[in-house]
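Input: a single structure, listed below in structure tokens.
Below, each value reflects all heavy atoms present in this structure, side chains not excepted, and no hydrogens, waters or symmetry copies.
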Amino acid sequence: MASSSLPPPPPPPQILCASFNQDNSLFYVGTKDGFRIFDAHTGKLHYQKNIGGIGNMEMYFRTNILAIVGTGEQPVLSPRCLHLIDTVAGVTKKDLNFKTSVLAVRLSRTRLVVVLQDRTFIYDVNSTTILEEIETVPNTKGLCTFAPNSEACYLAIPASTSKGSALVYKASEPELICQIDAHESPLAAMEFSSNGTYLATASGKGTIIRVFLVAQATKSHSFRRGTYPSAIYSLSFGPSDDLPDVLVATSSSGSLHMFFLDAARNRRNQTSKLLGSMIPGAITRALDPANHHIIHNVIPAGIKSCVAVHKVENSQNSSKLPALRTVVYIITHDGYFREYSINTTKSNESSWVLQREVNLLDTGCSTPQREEQHKD
């Protein structure tokens with residue numbers, strides 16, 4: 001009689017940390033062996049160094065300066081030490097030591113932000129002088145978001161462990177400018193738009209994603225991601241130029257969600273004119289039809305990911321109808337980089353193409369057969 005056995009547990013994630021630089025032109029992955037930097041436009045390996053486990057990392061735009069934090073597996077890579085290194089000179093420019101582990105690092109042209117479990121430090125990036133030390137609520141995941149391309153260098157960190165509130169600072173000053181009460185349950189994800197105009201938030205439930213105007217600390221949009229709870233892993237805004245603002249999200253469900261802010265605003269105004277006199281405002285907002293597009297099975301369910309909107313441009317789809325083309329990059333912690341091209345028409349139809357898939361651990365690039373999925 002053959003004996004039955006349980007399936008083996010899934011392997012641990014190959015990638016410990018991953019993200020993009022400040023203009024999404026490069027991205028990195030940190031592993032138990034070291035780190036690798038890739039060109040996002042080509043998917044080619046740009047730089048690598050095997051120095052031991054990397055738990056946190058941040059690039060300084062497209063320069064040779066990096067901020068790295070180890071996992072403690074190597075004596076020189078303590079999780080309580082932040083190393084600023086020069087990859088060209090091969091030297092450490094500065095070591096910053098802390099009493100507890102560094103959970104997140106952010107860089108702009110003028111500011112360095114270091115997040116610990118109960119404190120957040122703001123430094124002058126050139127002199128590494130402490131400009132502000134902020135005592136915070138317990139922030140065990142190092143949740144924060146930073147707008148490095150905004151003049152104010154907006155920084156947001158959790159304000160509560162019981163509800164979804166965020167404190168927003170001007171790191172350029174530095175000073176606290178507002179508190180945004182976004183959700184009833186604690187925050188799980190936050191992201192600024194590139195210029196700092198918007199702040200997107202999601203709670204641990206992940207069913208609703210809200211967008212706030214930072215200057216007024218007021219809600220401008222509310223999007224329903226889905227009915228069932230799902231952990232939001234990553235949020236990203238598109239470049240805010242002449243085309244509509246785009247917000248994308250990835251979650252533990254394995255789907256990619258894309259929302260158009262301008263479309264939601266226009267359709268909200270139409271709904272308000274028709275229903276405003278009959279339905280209370282709170283209910284009207286709940287019924288707002290968001291311009292929401294979903295690509296299913298972009299990522300294996302439960303695999304962490306980091307998403308970035310590369311560009312939004314005018315194009316024509318296969319039906320010769322005017323459309324917007326959104327290019328999205330996704331890094332997954334099972335070791336892949338994927339580029340998706342998503343076309344959306346004015347009639348709210350969408351189609352997508354997987355343009356590239358790169359194995360980040362083998363540094364080989366494979367271009368899959370193009371496949372499209374349409375949504376009416």
Side-chain angles (χ1 to χ4, degrees), residues 9-22 25-40 43-107 112-121 123 125 128 139-144 146 233-234 302-306 308 329-337 358-365:
Q14 299 280 337
I15 292 174
L16 304 180
C17 61
S19 192
F20 296 85
N21 71 341
Q22 290 80 357
S25 61
L26 299 172
F27 67 92
Y28 71 83
V29 296
T31 70
K32 63 181 180 60
D33 299 316
F35 64 87
R36 296 178 179 183
I37 298 174
F38 296 82
D39 188 306
K44 293 183 178 179
L45 182 64
H46 183 74
Y47 181 87
Q48 69 174 332
K49 193 170 184 65
N50 293 331
I51 55 174
I54 301 297
N56 275 289
M57 183 171 162
E58 178 84 338
M59 288 181 283
Y60 187 55
F61 296 84
R62 288 190 64 92
T63 71
N64 52 298
I65 304 301
L66 302 175
I68 62 171
V69 180
T71 59
E73 295 180 4
Q74 298 289 335
V76 296
L77 290 176
S78 166
R80 297 184 298 278
C81 181
L82 171 65
H83 304 275
L84 293 172
I85 65 173
D86 185 328
T87 59
V88 172
V91 297
T92 299
K93 295 175 65 67
K94 186 75 174 181
D95 286 339
L96 298 175
N97 293 286
F98 302 92
K99 293 182 179 180
T100 59
S101 296
V102 176
L103 302 179
V105 184
R106 300 291 183 267
L107 279 166
L112 164 65
V113 174
V114 181
V115 179
L116 312 182
Q117 179 171 317
D118 60 357
R119 294 176 191 278
T120 296
F121 295 89
Y123 292 84
V125 76
T128 60
N139 185 10
T140 57
K141 295 182 179 180
L143 181 61
C144 72
F146 193 43
Y233 288 143
S234 184
I303 298 294
K304 289 186 177 181
S305 59
C306 181
Y329 296 154
I330 302 175
I331 312 166
T332 59
H333 279 224
D334 61 347
Y336 288 92
F337 169 79
V358 179
N359 186 323
L360 302 177
L361 301 176
D362 291 340
T363 66
C365 178

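For the atom pair CG (N359) and CD (Q14), the distance works out to 9.5 Å, reported to the nearest 0.5 Å. Separation of atoms CG (L360) and CD1 (I15) is listed at 5.0 Å; rounding is to 0.5 Å. If you take CD on Q74 and CD1 on I54, they are separated by 9.5 Å, rounding to the nearest 0.5 Å. Note that CG of N21 is 4.5 Å distant from CG of L26, once rounded to the nearest 0.5 Å. For the atom pair SG (C81) and CG (D95), the distance works out to 4.0 Å, reported to the nearest 0.5 Å. Considering CG of L16 and NE2 of H333, their distance stands at 8.5 Å, rounded to 0.5 Å.
When the ring-ring contact (aromatic ring centres under 6.0 Å, His included) test is applied to F27, the partners found at least two apart in sequence or on another chain are F20, F38, F337. Applying the side chain to side chain donor-acceptor pair (under 3.5 Å) test to D33 and every residue at least two apart in sequence or in another chain returns nothing. S19 pairs by the side chain to side chain donor-acceptor pair (under 3.5 Å) definition with nothing, not counting sequence neighbours. Every residue meeting the side chain to side chain contact (heavy atoms under 4.5 Å, CB included) condition with K49, not counting sequence neighbours, appears here in chain and number order: F35, Y47, I51. With sequence neighbours left out, the side chain to side chain donor-acceptor pair (under 3.5 Å) criterion links T332 to D334.
A distance-only check finds a donor-acceptor pair linking the side chain of E58 to the backbone of L107 [under 3.5 Å]. For D39 (side chain) and G43 (main-chain N/O), no donor-acceptor pair under 3.5 Å exists by modelled atom type.
Residues V105 and V113 fail the side-chain proximity criterion, which asks for heavy atoms closer than 4.5 Å. A heavy-atom distance below 4.5 Å is found between the side chains of V115 and N139.
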Please table the atom pairs, donor to acceptor, closer than 3.5 Å between any side-chain atom in residues 97-104 and protein atoms at least two apart or in another chain.
none

Listing, residues 61-70 side-chain donor-acceptor contacts under 3.5 Å, not counting sequence neighbours, or none:
unit_1, atom_1, unit_2, atom_2, d
R62, NH1, S25, OG, 3.0
T63, OG1, Y60, O, 2.7
T63, OG1, I65, N, 3.2
N64, ND2, D86, OD1, 2.2
N64, ND2, D86, OD2, 3.0

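Contact between F121 and L116 at its shortest, heavy atoms only, is CE1-CD1, 3.6 Å. Minimum interatomic distance between Y123 and T128 (heavy atoms only, all atoms of both residues): CD2-O, 3.3 Å. Heavy-atom minimum distance, L361 versus R36: O-NH1, 2.7 Å. Across all non-hydrogen atoms, the minimal contact from S305 to Y233 is O-CB, 3.7 Å. Minimum interatomic distance between V29 and A18 (heavy atoms only, all atoms of both residues): CG1-CB, 4.0 Å. Of all heavy-atom pairs spanning M59 and I37, the tightest one is SD-CG2, 3.8 Å.
Within the structure, no pair that satisfies the ring-ring contact (aromatic ring centres under 6.0 Å, His included) test touches residues 65-94, not counting sequence neighbours.
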